[in-house]
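In what follows, every chain begins at residue 1, and chains take the letters A, B, ... in the order their sequences are listed.
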Amino acid sequence: MSEISRRTFLKGSAAIAGTTLLASLGLNASAEADQSDKEKAVSPAVSDRNTAERNAEEQTAEQKYELIISDEIAGLMEERGIREEDVQEVVVFAESSGKKLYIEGEEHYLARKRIGKFTAYVEYSVSGSEVEVLDVYSHTLVFPDDVLEENGES
Amino acid sequence: MGKPSKWKCYTCRVEMEKVLDISVKYGKFNLPKAEGLRCPECGVQYLESDYVAEQVSPAEEMLSGK
Ligand SMILES: [Zn+2]
């Protein structure tokens with residue numbers, strides 16, 4: 001799938017609601033373009049943890065989950081240019097590394113992973129070996145000071 | 001400190017905080033700070049679905065020249 005089609009996920013109503021950030025961008029994007037990035041050092045402890053997580057990811061790289069995708073979610077994936085293999089990749093990464101968010105008392109998670117030039121998010125629930133996909137979305141933006149992204153994992 | 005969120009960081013087992021100051025870049029451009037979730041312990045950051053649909057996607061569309 002081309003990068004362009006991956007990004008065709010705009011909701012009809014979103015164009016209007018997005019005017020706030022768009023207006024800000026018009027004023028601020030070029031003005032801030034020359035700002036130098038803040039370089040943050042990664043502590044040895046963080047590096048060690050990330051290395052261990054990468055190893056865990058490699059060990060389970062072939063692991064696949066049985067994805068349950070409703071018609072509604074399939075439509076969202078189509079609209080947002082997110083493929084089933086992208087969803088699988090995010091879930092495998094999250095489950096193998098533990099890099100995810102959760103809701104207390106529920107098997108309900110939100111995970112993200114940088115895949116090529118975009119970051120894919122998957123909200124899902126786990127029941128036994130089944131993973132029910134509850135939401136998917138993505139963005140091209142990057143987080144320059146994010147610990148995961150600095151290590152190329154997010 | 002941001003407001004607490006329903007989400008917790010699985011690594012740190014603490015509540016994610018809702019924040020308004022996530023640094024984001026599009027290509028070489030530093031964009032205005034974004035709204036999202038940040039773990040107060042490890043600093044991992046997430047954008048939420050509605051915000052991406054309503055704010056980020058239109059901005060990306062504009063910046064990509066489409
Ligand atoms: Zn954390």
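- In this structure A:Glu85 satisfies the side chain to side chain contact (heavy atoms under 4.5 Å, CB included) test together with A:Arg83, sequence neighbours excluded.
- Tracing side-chain contacts under 4.5 Å through hydrophobic residues (I, L, V, M, F, W, Y), one never reaches A:Ile73 starting from A:Leu134; they form parts of separate clusters.
- Summarising the geometry of B:Ser23 relative to A:Pro144, their closest heavy-atom pair is O-CD, 3.3 Å, with the distance given to 0.1 Å.
- The minimum heavy-atom distance between A:Leu141 and B:Tyr26, with the atom names listed, is CD2-CB, 3.7 Å.
- Annotation: side-chain hydrogen bond (donor to acceptor under 3.5 Å, both in side chains) contacts of A:Tyr124 (sequence neighbours excluded): A:Glu95.
- With rounding to the nearest 0.5 angstrom, the CZ atom of A:Arg80 is 7.0 Å from the OG atom of B:Ser57.
- Other residues, nucleotides and ligands contribute over 12 non-hydrogen atoms within 6.0 Å of the CD atom of A:Glu130.
- Residues of residues 101-110 of chain A lying under 4.5 angstrom from chain B, judged on non-hydrogen atoms, are A:Leu101, A:Tyr102, A:Ile103, A:Glu104, A:His108, A:Tyr109, A:Leu110 by number.
- Both the backbone and the side chain of B:Leu47 come within contact range of chain A, each with at least one heavy atom under 4.5 Å from a heavy atom of that chain.
- Closest approach of A:Thr140 to B:Glu60, counting heavy atoms only: N-OE2, 2.6 Å.
- Most heavy-atom pairs under 4.5 Å with chain A: of the set B:Met16, B:Arg38, B:Arg13, this distinction falls to B:Arg13.
- Summarising the geometry of B:Gln45 relative to A:Phe143, their closest heavy-atom pair is O-CE1, 3.4 Å, with the distance given to 0.1 Å.
- Not a single donor-acceptor pair under 3.5 Å links the side chain of A:Tyr137 to the backbone N or O of B:Val52.
- The shortest side-chain heavy-atom distance between B:Tyr10 and A:Lys99 does not fall under the 4.5 Å cut-off.
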